[in-house]
Amino acid sequence: MERAEEPRWLNGEERDVWLTLVAVIMKLPAALDAQLQHDAGMSHFEYMVLAGLSEAPARTRRMSDLAGFTESGLPRLSQVVSRLEKRGWVQRSTDPSDGRITLATLTDEGWTKITQTAPGHVEAVRALVFDPLTKAQSRQLGSIGKRIMGAIDPEDRCLRGSAPL
């Protein structure tokens, strides 16, 4: 009978790094959500949908591409886009070249909302992520993040189709 290989347990330093990363992963989205809810009445996910559309040609993306950009499934994205449509910030339409495809377009009102919201959001990102770091640490964080994403998902659509904060 073969003996199962012993797991590669984390050493003390690795455990500390892991727990710190987990804390950042859990608390940073909540902090960004709180800022955006307070200042703009929207969630970070809603902001990313608007930002993703704001950077697209003609401020329009296929819903499937937008789902990839936001790292969400189509059902969740569809619910959020419905809320954004009710606010007048996004409009859905059928792709004229392929009736099976649904397009999402940032409206003029949505453009106004994202351009008004972006400065406060960028300030929160600076305060929470970049201000505590040196320039060298910021570059290291970017390099580390890309390496981790390469291990998680080498074809990551969120990074390939990145939009501004």
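Only this structure's heavy atoms are used, side chains among them; waters, hydrogens and symmetry mates stay out. For the single chain, residues carry numbers from 1 onward in sequence order.
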Query raised in the report: Does CZ belonging to Arg126 count more than 12 external heavy atoms closer than 6.0 Å?
Result: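 No, not enclosed.
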Within this structure, what is the [atom1]-[atom2] distance for the pair [X] and [Y], rounded to the nearest 0.5 Å?
X      : Y      : atom1 : atom2 : result
Phe69  : Glu55  : CZ    : CD    : 8.5 Å
Glu85  : Arg83  : CD    : CZ    : 12.0 Å
Met42  : Met48  : CE    : CE    : 12.0 Å
Ile101 : Ser64  : CD1   : OG    : 6.5 Å
Leu32  : Leu128 : CG    : CG    : 6.0 Å
Met149 : Ile144 : CE    : CD1   : 14.5 Å

**Report entry** Single-linkage hydrophobic cluster Leu103~Val80, side-chain heavy atoms < 4.5 angstrom
**Finding:** no
Query - side chain to side chain donor-acceptor pair (under 3.5 Å) involving Gln140 - partner list, sequence neighbours excluded - result: none
Minimum heavy-atom separation for [X] and [Y], please, with both atom names.
X      : Y      : value
Leu53  : Ala104 : CD2-O, 3.3 Å
Ile114 : Ala51  : CD1-N, 3.8 Å
Ser54  : Arg59  : O-CG, 4.2 Å
Ala67  : Gly73  : CB-C, 4.5 Å
Arg92  : Ser82  : NH2-OG, 2.6 Å
Trp111 : Leu106 : N-CG, 3.7 Å

Quick one: does [X]'s side chain have a donor or acceptor within less than 3.5 Å of a partner on [Y]'s backbone?
X      : Y      : value
Thr107 : Trp89  : yes
Thr112 : Asp108 : yes
Lys113 : Leu50  : no
Glu46  : Ser43  : yes
Asp33  : His44  : yes
Thr70  : Leu66  : yes

Requested in this report: May I have the step-by-step check of side chain to side chain donor-acceptor pair (under 3.5 Å) for Thr105 and Arg61, ending in yes or no?
Outcome: CA-CA 7 Å; Thr105 301; Arg61 285 188 189 228; over 6 Å; no
Report task. State, with a plain yes or no, whether a side-chain heavy atom of Asp39 is found less than 4.5 Å away from one of Thr117. Result ->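 Not in contact.
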Query raised in the report: Looking at side-chain heavy atoms only, is the closest gap between Pro132 and Gln137 below 4.5 Å?
Result: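 Side chain of Pro132 against side chain of Gln137, heavy atoms only: no contact under 4.5 Å found.
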Query - CA sep, side-chain torsions, deciding dist, call: Val49, Val81, side chain to side chain contact (heavy atoms under 4.5 Å, CB included) - result: CA-CA 8 Å; Val49 169; Val81 168; 4.3 Å; yes
Please tabulate, for side-chain N and O atoms in residues 14-23, each donor-acceptor pair with protein atoms closer than 3.5 Å (sequence neighbours left out).
{"residue": "Glu14", "atom": "OE1", "partner": "Asn11", "partner atom": "N", "Å": "2.9"}
{"residue": "Thr20", "atom": "OG1", "partner": "Asp16", "partner atom": "O", "Å": "2.9"}

**Report entry** Stepwise side chain to side chain donor-acceptor pair (under 3.5 Å) test for Arg100 and Thr94
**Finding:** CA-CA 7 Å; Arg100 299 169 296 170; Thr94 302; over 6 Å; no
